[in-house]
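Quick notes on the structure that follows.
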Amino acid sequence: MAAIFKRELGSYFNSAVGYVVLAVFWFFSGVSFYTYCLMYNTSSMAMFFAAMFLMILLVVPLITMRSFAEERRQKTEQALLTAPVNLFEIVFGKFLAAFVMFCLCVSIFILYAIIIATFSAPDWAVFFTTFLGVLLLGGAMIAIDMFISALTESQIIAATVAIGIGILIDRLSDLASYINTEWVTNVINKISFDKHFSNFSTGIISLPSVVFFLSIAAIFLFLTARVYEKRRWS
């Protein structure tokens, strides 16, 4: 698994992908930080993190689109499928590499908090619990988008479908408000990424939300491994 991890992480920076993703994410997060924090001279980062929710959903597909699709396009997946390693180790190694790439993206948030601390006193408890929510959200989305990448050999298709799923996830809470059936609304609210993410903004770690994001990640990593297990025996 360590070899897969090193290979995947290195591939982000052996090409322009890693640098482009970092530049895009840091640019738009910087614009959001200036708009929601510096312009209003506030120590609260609540509006900033709310804006970053959709940004994360749109950027993660850029990180994961090549995870498996590129292997199929270059015909190198056979080497993976015949390698003397467990399929889950392959999937988890790729997941960890993508997650580290995501962590590099959101690490800029710590710098923003330090900038706020130079002129005000940020609520560090709220910041770190929300930052934990960011990491959990990112992990869940990486697992979902890797599963999508495993279903196609086109990076463009993988990214497009993943972005579409991300937009749908972002609009789930709004969708619930248009449905009059109570049980359907309750189900949508239970699976709403936005609602679970917002639970971390209170400064208290929400155990149900932690379990929710970890469960989503585990389910889709399992499904991705099953896709490749089927392909190994076909």
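Treat the numbers as computed from the prediction; the structure is a model and nothing was measured. Along the sequence shown, the residues carry numbers beginning at 1.
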Notebook entry, point to check: Using the benzene-type ring in the case of Trp, are the ring centres of F131 and F200 under 6.0 Å apart?
Noted result: no
Notebook entry, point to check: Does atom CD1 of I115 have more than 12 heavy-atom neighbours, drawn from other residues, nucleotides or ligands, at distances under 6.0 Å?
Noted result: yes
Item checked: Interatomic spacing from CG in L221 to CD1 in I216 - rounded to 0.5 Å -> 11.0 Å
Note to self: Nearest 0.5 angstrom please: F102 CZ to L135 CG, how far?
What the structure shows: 6.5 Å
Next item on the list: Please answer whether the main-chain N or O of S120 pairs with a side-chain N or O of S43 as donor and acceptor at a distance below 3.5 Å.
Entry: no
Notebook entry, point to check: So F212 and F193, would you call those rings parallel, tilted or perpendicular, with 30° and 60° as cut-offs?
Noted result: perpendicular
Note to self: With a 3.5 Å distance limit and no angle check, can you tell me whether S201 reaches the backbone of F197 through a side-chain donor-acceptor pair?
What the structure shows: no
Note to self: If you apply the rule side chain to side chain donor-acceptor pair (under 3.5 Å), what do you find for Y112 with S29, and how did you get there?
What the structure shows: CA-CA 10 Å; Y112 297 153; S29 68; 2.9 Å; yes
Notebook entry, point to check: Does a side-chain heavy-atom distance below 4.5 Å link F33 with F109?
Noted result: no
Next item on the list: Please check if the side chain of T160 supplies one atom and the backbone of I157 the other of a donor-acceptor pair under 3.5 Å.
Entry: no
Check: Quick one: are I56 and V134 in side-chain contact, heavy atoms under 4.5 Å?
Finding: yes
Checklist line | Flag if over 12 foreign heavy atoms under 6.0 Å of CZ, F119 | finding: yes
Checklist line | Side-chain (S192) to main-chain (I188) donor-acceptor, under 3.5 angstrom | finding: no
Notebook entry, point to check: Just by distance, do the side chain of S149 and the backbone of M65 share a donor-acceptor pair under 3.5 Å?
Noted result: yes
Next item on the list: Compare all side-chain heavy atoms of V106 with those of M52 and state whether any distance is below 4.5 angstrom.
Entry: no
Checklist line | Any donor-acceptor pair under 3.5 Å from S107 side chain to L104 backbone | finding: yes
Notebook entry, point to check: Do side-chain atoms of D170 reach the backbone of G166 as a donor and acceptor pair under 3.5 angstrom?
Noted result: no
Next item on the list: Kindly check if the number of other-residue, nucleotide or ligand heavy atoms within 6.0 Å of OH (Y34) is above 12?
Entry: no
Check: Once the angle between the rings of W124 and F127 is folded into 0 to 90°, is it parallel (under 30°), tilted (30 to 60°) or perpendicular (over 60°)?
Finding: perpendicular
Notebook entry, point to check: NZ of K94 to OG of S67: how many Å apart, nearest 0.5 Å?
Noted result: 6.0 Å
Item checked: Quiz item: cation-pi between R226 and F222, 6.0 Å / 45° -> yes
Check: With no hydrogens and no angle check, is any side-chain donor or acceptor of H196 less than 3.5 Å from a backbone partner on K190?
Finding: yes
Margin query: Please identify which of these residues, L151, I156, I148, meets the side chain to side chain contact (heavy atoms under 4.5 Å, CB included) condition with V161.
Written below: I148
Item checked: Main-chain N/O of D194 paired with S198 side-chain donor or acceptor, under 3.5 Å -> yes
Notebook entry, point to check: In chain order, what residues pass the side-chain hydrogen bond (donor to acceptor under 3.5 Å, both in side chains) check against Y12, with sequence neighbours excluded?
Noted result: none
Item checked: Sub-4.5 Å side-chain heavy-atom contact between I63 and D145 -> no
Margin query: Could you tell me if the side chain of I4 sits less than 4.5 Å from the side chain of E89, heavy atoms only?
Written below: no
Notebook entry, point to check: Just wondering, do L62 and F25 contact through their side chains at under 4.5 Å, heavy atoms?
Noted result: no
Check: What is the minimum heavy-atom distance between A150 and T224, and which atoms define it?
Finding: CB-CG2, 3.9 Å
Checklist line | Point-to-point distance, once rounded to the nearest 0.5 Å, from CG of L58 to CD1 of I167 | finding: 6.0 Å
Checklist line | Stepwise side chain to side chain donor-acceptor pair (under 3.5 Å) test for R66 and S11 | finding: CA-CA 10 Å; R66 63 190 306 279; S11 70; 2.9 Å; yes
Next item on the list: Please answer whether the main-chain N or O of C105 pairs with a side-chain N or O of W26 as donor and acceptor at a distance below 3.5 Å.
Entry: yes
Note to self: Tell me if the CZ atom of F53 is crowded by more than 12 foreign heavy atoms within 6.0 Å.
What the structure shows: yes
Notebook entry, point to check: So among F95, F147, F92, which one has a ring-ring contact (aromatic ring centres under 6.0 Å, His included) with F220?
Noted result: F147
